[in-house]
Student: 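Would you mind keeping the following structure in view while I ask a few things?
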Amino acid sequence: MKEMELTKTFYFDAAHRLSTVDQDHKCSRIHGHTFRIDVVISGEVNEEYGWVMDFGRIKEIVNPFIESLDHEYLNEIPGLEIGTSENLVEWFWEKLNPLLPGLKKIVVWESPKSQCSYTKQ
Ligand SMILES: [Zn+2]
């Protein structure tokens, strides 16, 4: 069977400030984002079910982490004290990789025009 990729998209709203940038940098002030997270699973299509994985199962696994960040101040979340897109990718990868067989890629969009991703090699 062919190997295929599934992508499931999640959103959450959260505030942060970047304490590591100069005070005149706009990100040094507290502000919010509607973050978008794309979770990409790759694997062979199961012949019996006709799918790689149930989208609903991906949601069950990812949603608790999305909810743990929704309407929170990221600077107060362990691992996200410096809440860049890069560190959010790392945070999600560390949480989801042990739980999601076939996890291939995580994309964090901090705006519709700016995203960061990690792909397993
Ligand atoms: Zn920001």
Side-chain angles (χ1 to χ4, degrees):
M1 287 297 266
K2 289 188 174 67
E3 193 152 302
M4 296 194 187
E5 288 185 355
L6 305 181
T7 302
K8 189 137 180 81
T9 298
F10 300 84
Y11 292 93
F12 68 93
D13 299 307
H16 72 168
R17 62 177 293 272
L18 297 182
S19 55
T20 49
V21 296
D22 290 336
Q23 262 193 335
D24 58 353
H25 191 294
K26 67 177 184 178
C27 294
S28 72
R29 300 188 295 276
I30 189 168
H31 62 281
H33 293 271
T34 297
F35 288 97
R36 169 182 163 180
I37 313 295
D38 296 332
V39 175
V40 182
I41 308 290
S42 109
E44 292 206 348
V45 178
N46 179 293
E47 265 179 74
E48 184 185 349
Y49 291 94
W51 64 25
V52 175
M53 187 176 179
D54 182 357
F55 280 112
R57 184 71 189 126
I58 302 173
K59 185 177 172 186
E60 273 175 16
I61 291 168
V62 178
N63 244 0
F65 298 106
I66 298 293
E67 281 168 12
S68 76
L69 300 182
D70 191 39
H71 287 72
E72 294 292 340
Y73 181 42
L74 298 184
N75 296 59
E76 295 174 344
I77 307 281
L80 294 176
E81 294 85 352
I82 303 171
T84 57
S85 295
E86 289 84 342
N87 285 340
L88 274 161
V89 169
E90 183 68 27
W91 190 88
F92 275 104
W93 188 271
E94 291 302 312
K95 307 284 187 211
L96 296 178
N97 191 44
L99 303 175
L100 265 178
L103 182 61
K104 168 83 177 171
K105 181 177 184 177
I106 290 185
V107 188
V108 169
W109 299 77
E110 69 171 45
S111 79
K113 293 180 178 174
S114 302
Q115 51 118 316
C116 171
S117 67
Y118 171 71
T119 305
K120 189 178 188 178
Q121 296 307 311

Student: In chain order, what residues pass the side-chain contact (heavy atoms from CB on, under 4.5 Å) check against Glu86, with sequence neighbours excluded?
Tutor: Thr84, Cys116
Student: List, by chain and number, the other hydrophobic cluster members for Val40, where Ile, Leu, Val, Met, Phe, Trp and Tyr join if side-chain heavy atoms come within less than 4.5 Å, directly or indirectly.
Tutor: none
Student: Going by the rule side-chain contact (heavy atoms from CB on, under 4.5 Å), which residues pair with Gln115 if we only count those two or more places apart in sequence or in a different chain?
Tutor: Val107, Trp109, Ser117
Student: Is any side-chain heavy atom of Thr7 less than 4.5 Å from a side-chain heavy atom of Phe55?
Tutor: no
Student: So, Gln121 side chain and Thr119 main chain: donor-acceptor pair closer than 3.5 Å or not?
Tutor: yes
Student: Quick check: is Met4 connected to Leu100 through a chain of hydrophobic side chains (ILVMFWY, heavy atoms under 4.5 Å apart)?
Tutor: yes
Student: Name all residues meeting the side-chain contact (heavy atoms from CB on, under 4.5 Å) criterion together with Glu76; count only those two or more places apart in sequence or in a different chain, and write none if there are none.
Tutor: Tyr73
Student: Glu81 and Asn75: which non-hydrogen atoms are nearest, and at how many Å?
Tutor: O-ND2, 3.5 Å
Student: Please answer: with hydrophobic residues joined when any side-chain heavy atoms are less than 4.5 Å apart, are Trp91 and Tyr11 in the same cluster?
Tutor: no
Student: Below 4.5 Å, heavy atoms only, C-beta onward: do Ile58 and Leu6 meet side chain to side chain?
Tutor: yes
Student: Do you know the tightest heavy-atom contact between Cys27 and Val21?
Tutor: C-CG2, 4.2 Å
Student: Under the side chain to side chain donor-acceptor pair (under 3.5 Å) rule, what pairs show up with a residue in residues 51-61, not counting sequence neighbours?
Tutor: Arg57-Glu60
Student: Of all residues at least two apart in sequence or in a different chain, which pass the ring-ring contact (aromatic ring centres under 6.0 Å, His included) check with Tyr118?
Tutor: Trp93
Student: Heavy-atom distance under 4.5 Å between the side chains of Asn97 and Phe92, does that happen here?
Tutor: no
Student: Please name all residues satisfying salt bridge (charged side-chain N to carboxylate O under 4.0 Å, His left out) with Glu5, sequence neighbours left out, ordered by chain then number.
Tutor: none
Student: Which residues pass the salt bridge (charged side-chain N to carboxylate O under 4.0 Å, His left out) test with Asp38, not counting sequence neighbours?
Tutor: Arg36
Student: Side-chain heavy atoms nearer than 4.5 Å, only ILVMFWY residues, links allowed to pass through others: does that put Ile37 and Leu96 together?
Tutor: yes
Student: Take atom CD1 of Ile82 as the centre, draw a 6.0 Å sphere, and report whether it contains more than 12 heavy atoms from other residues, nucleotides or ligands.
Tutor: no
Student: Determine whether Lys120 and Leu103 make a side-chain contact, defined as any pair of heavy atoms from C-beta on separated by less than 4.5 Å.
Tutor: no
Student: Determine the minimum heavy-atom distance between Val39 and Phe10, stating which atoms define it.
Tutor: CG2-CE1, 4.0 Å
Student: Taking everything shown except Lys8 itself, do over 12 heavy atoms lie less than 6.0 Å from its NZ?
Tutor: yes
Student: With sequence neighbours left out, write down each residue that passes side chain to side chain donor-acceptor pair (under 3.5 Å) with Glu90, or none if nothing qualifies.
Tutor: none
Student: If hydrophobic clusters are built from ILVMFWY residues whose side chains come within less than 4.5 Å, do Leu18 and Phe35 share one?
Tutor: no
Student: Check Leu80 against Asn87 and note the closest heavy-atom contact, atom names and distance.
Tutor: CD2-O, 3.7 Å
Student: OG/Ser68 to NZ/Lys95 distance, rounded to the nearest 0.5 angstrom?
Tutor: 7.5 Å
Student: Checking Leu99 now: which residues fulfil side-chain contact (heavy atoms from CB on, under 4.5 Å) with it, not counting sequence neighbours?
Tutor: Ile61, Phe65
Student: Restricting to non-hydrogen atoms, name the atom on Ala14 and the atom on Leu69 that form the minimum distance, rounded to 0.1 Å.
Tutor: CB-O, 3.7 Å
Student: Hey, could you give me each pair passing side chain to side chain donor-acceptor pair (under 3.5 Å) that has a residue in residues 12-28? Not counting sequence neighbours.
Tutor: Asp13-Thr34, His16-His31, His16-His33
